[in-house]
**Q** 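There's a structure below that I have some questions on.
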Amino acid sequence: MRTKIVIRRDEVSPSPYGFHVDELELRNQKMDPSEEARRTDLMTITRFVLNEQSKHPESRGDFTILLSHIVLGCKFVCTAVNKAGLAKLIGLAGDTNVQGEEQKKLDVLSNDVFVKALISSGRTCILVSEEDEEATIVEPSKRGKYCVVFDPLDGSSNIDCGVSIGTIFGIYLMKDAHEPTVDDVLLPGKKMVAAGYCMYGSSCTFVLSTGRGVNGFTLDPSLGEFILTHPDIKIPKKGKIYSVNEGNAKNWDGPTTKYVEKCKFPKDGSSPKSLRYVGSMVADVHRTLLYGGIFLYPADKKSPCGKLRVLYEVFPMSFLMEQAGGQAFTGNQRALDLVPKKLHERSPIFLGSYDDVEEIKALYAAEEK
């Protein structure tokens, strides 16, 4: 219901404002039925997943329960990020992770939150986090059939300056019952059953794919629920934006150098592409997914194997891109065909609009000849 305030002037003893507050009339005005329906018929992420579950009669709801715990972890981290300064969560925790990167306090907190949430779901058997050197094998009494790989707080170097950061995750299904080992997650990305990320920025956005397209949900703080706001995301076939750290340009290989040069100085008479680079993979990939273009993090002389981690950065984002109609390429092969040999393996990555990735693939093919 919409409330309309009608002010009635006091003709006998006017107040300085020309009316008395106690003489306000409140008149209720009915909202248009279609508008009211849109406000009440909200597609929450739980309802969305349950609808998807109903399409599979054999489903027992395990994935729905697992996802609800991931969503809960994201809500917790979102709250922690929003009040990080007040709670003194910003700053270093005094330790380094397996990558040799100094851990922020929020990194440590986020990792603890997700590990505990995933184990308590009772639906996981092995967890791989960016922050932990070894995989976490869930104790038998709490085991399920899913393997989860995740980066609990991607882009954490940007925490202190308020830039968007996020959580990235990928999910594998262990099809037969056996003692879980790291081999259960050292699989190509195409074997994932779901992937997604949650971005903590001006709004909290949760993007998910279960292998049937990509959908985006935005957290409504007043409801405490993620609401479907970006149904069936499709990346434009070609974009006008490229995203890369040009500070590494002197160390790039030939194909990457030629591609970026082509973006800046096209020879076919087209307009140059715009450079947009946040330095937080979640933020850069989210923009690429919605607006089109290409995100590049190539190998270079300093990082000959690339910098981004395969299991919990390259694979989930590549999975989402392909589900949205884009491509993901490592410089040698389709990203999702890559078979990692260790938990924290790195890889170059080029992902984004289909036609833009085709251009970089053509440059690498020409280089091989």
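The figures that follow rest on heavy atoms only: side chains count, while hydrogens, waters and symmetry mates do not.
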**Q** If the plane angle is over 60° it's perpendicular, under 30° parallel, otherwise tilted; pick one for H230 and H286.
**A** perpendicular

**Q** Applying side-chain hydrogen bond (donor to acceptor under 3.5 Å, both in side chains) as the test, list every pair that has at least one member in residues 275-284; sequence neighbours left out.
**A** S243-D284, D284-R287

**Q** Is the side chain of R212 donor-acceptor paired with the backbone N or O of T210 at a distance under 3.5 Å, no angle test?
**A**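 No, because the side chain of R212 does not come within donor-acceptor range (under 3.5 Å) of the backbone of T210.
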
**Q** Using side-chain heavy atoms (C-beta onward) and a distance below 4.5 Å, is L208 in contact with L67?
**A** yes

**Q** May I have all residue pairs that pass side-chain hydrogen bond (donor to acceptor under 3.5 Å, both in side chains) and include part of residues 318-328, sequence neighbours excluded?
**A**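 Passing the test, one end in residues 318-328: E322-R334, Q327-E358, Q327-K361.
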
**Q** Nearest 0.5 angstrom please: K116 NZ to F76 CZ, how far?
**A**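 Here the rounded value is 9.0 Å.
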
**Q** Is it the case that S270 and D268 place a side-chain donor and acceptor less than 3.5 Å from each other?
**A**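 There is such a pair (donor and acceptor under 3.5 Å, judged by atom type) between the side chains of S270 and D268.
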
**Q** I want to check something: taking the side chain as every heavy atom from C-beta on, are Y242 and V244 in contact at a cut-off of under 4.5 Å?
**A** yes

**Q** Please report the C-alpha distance between D356 and K237 in whole Å, then the side-chain angles of each, then the deciding distance to 0.1 Å, and finally whether the salt bridge (Lys or Arg N to Asp or Glu O under 4.0 Å) criterion is met.
**A** CA-CA 8 Å; D356 291 323; K237 199 160 186 289; over 6 Å; no

**Q** Quick check: does any side chain N or O of H344 sit under 3.5 Å from a backbone N or O of K342, one acting as donor and the other as acceptor?
**A** no

**Q** Applying side chain to side chain contact (heavy atoms under 4.5 Å, CB included) to F315 and L338, what does each step give before you reach the verdict?
**A** CA-CA 9 Å; F315 278 172; L338 184 64; 4.1 Å; yes

**Q** When you compare the side chains of N111 and D132, does any donor N or O come within less than 3.5 Å of an acceptor on the partner?
**A** yes

**Q** Does any non-hydrogen side-chain atom of T136 lie less than 4.5 Å from one of T124?
**A** no

**Q** Measure the NZ-CG distance between K190 and D337 for me, rounded to the nearest 0.5 Å.
**A**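 Reported value, rounded in 0.5 Å steps: 4.0 Å.
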
**Q** One pair to check against side chain to side chain contact (heavy atoms under 4.5 Å, CB included): L186 and L343. What are the steps and the verdict?
**A** CA-CA 7 Å; L186 293 179; L343 294 180; 4.2 Å; yes

**Q** Determine whether F329 and I360 make a side-chain contact, defined as any pair of heavy atoms from C-beta on separated by less than 4.5 Å.
**A** yes

**Q** Could you tell me the separation between the NZ atom of K234 and the CG atom of L290, rounded to the nearest 0.5 Å?
**A** 13.5 Å

**Q** Mind checking whether P180 and C147 have side chains closer than 4.5 Å, heavy atoms only?
**A** no

**Q** What pairs with E345 under salt bridge (charged side-chain N to carboxylate O under 4.0 Å, His left out), at least two apart in sequence or on another chain?
**A** none

**Q** With a 4.5 Å cut-off on side-chain heavy atoms, are C78 and C198 touching?
**A** no

**Q** Donor-acceptor pair, distance only, cut-off 3.5 Å: does the side chain of D154 make one with the backbone of D151?
**A**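 Answer holds: no.
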
**Q** I'd like a table of donor-acceptor pairs (distance under 3.5 Å, sequence neighbours excluded) in which one partner is a side-chain atom from residues 162-175, with atom names and distances.
**A**
unit_1: T167; atom_1: OG1; unit_2: P152; atom_2: O; d: 2.8
unit_1: T167; atom_1: OG1; unit_2: Y200; atom_2: OH; d: 2.7
unit_1: Y172; atom_1: OH; unit_2: L187; atom_2: O; d: 3.1

**Q** Test side chain to side chain contact (heavy atoms under 4.5 Å, CB included) on R346 and V310 and set out the steps.
**A** CA-CA 5 Å; R346 300 173 189 254; V310 173; 5.7 Å; no

**Q** Measuring from I294:CD1 to Y354:OH, what's the distance to the nearest 0.5 Å?
**A** 13.0 Å

**Q** If only side-chain N and O atoms count, and only distance matters, is there a donor-acceptor pair under 3.5 Å linking Q53 with T64?
**A** yes

**Q** With the threshold set at 4.0 Å, does a side-chain nitrogen-carboxylate oxygen contact exist between E261 and K258?
**A** no

**Q** Can you list, by chain and residue number, the hydrophobic cluster partners of L50 when the side-chain cut-off is 4.5 Å?
**A** none

**Q** Salt bridge check, E225 against R47: does any charged N sit closer than 4.0 Å to a carboxylate O?
**A** no

**Q** Give a yes or no on whether L275 and V357 share a hydrophobic cluster (residues Ile, Leu, Val, Met, Phe, Trp, Tyr; joining criterion: side-chain heavy atoms under 4.5 Å apart).
**A**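 In one cluster: yes.
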
**Q** If only side-chain N and O atoms count, and only distance matters, is there a donor-acceptor pair under 3.5 Å linking T256 with Y364?
**A** yes

**Q** Supply the atom-to-atom distance L223 CG to L42 CG, rounded to the nearest 0.5 angstrom.
**A**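 If we round to the nearest 0.5 Å, L223:CG and L42:CG are 6.5 Å apart.
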
**Q** Okay, side chain of S303, backbone of K307: is any donor-acceptor separation there less than 3.5 Å?
**A** no

**Q** Distance check, rounded to the nearest 0.5 Å: I45 atom CD1 versus N215 atom CG?
**A**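 Reported value, rounded in 0.5 Å steps: 9.0 Å.
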
**Q** Can a side-chain donor-acceptor contact be found between S129 and E131 if the only test is distance below 3.5 angstrom?
**A**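 Result is no, nothing qualifies.
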
**Q** So, do K262 and E359 sit near enough that their side-chain heavy atoms are less than 4.5 Å apart?
**A** yes

**Q** Start with the C-alpha distance between V193 and F319, add both sets of side-chain angles, then the distance that settles side chain to side chain contact (heavy atoms under 4.5 Å, CB included), and finish with yes or no.
**A** CA-CA 9 Å; V193 295; F319 188 93; over 6 Å; no

**Q** Are the side chain of S209 and the backbone N or O of G211 linked by a donor-acceptor pair below 3.5 Å?
**A** yes

**Q** Which residues pass the side chain to side chain donor-acceptor pair (under 3.5 Å) test with Y146, not counting sequence neighbours?
**A** none

**Q** Is the distance between the ring centroids of F217 and F48 under 6.0 Å?
**A** yes

**Q** Ignoring hydrogens and angles, tell me if any N or O in the side chain of R143 forms a donor-acceptor pair with the backbone of V138 under 3.5 Å.
**A**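 A pair under 3.5 Å: yes.
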
**Q** Is a side-chain donor-acceptor pair under 3.5 Å present for D355 with S353?
**A** no

**Q** Do F150 and Y312 make the cut of ring centroids closer than 6.0 angstrom?
**A**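 No, the ring of F150 stays outside the 6.0 Å limit from the ring of Y312, centre to centre.
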
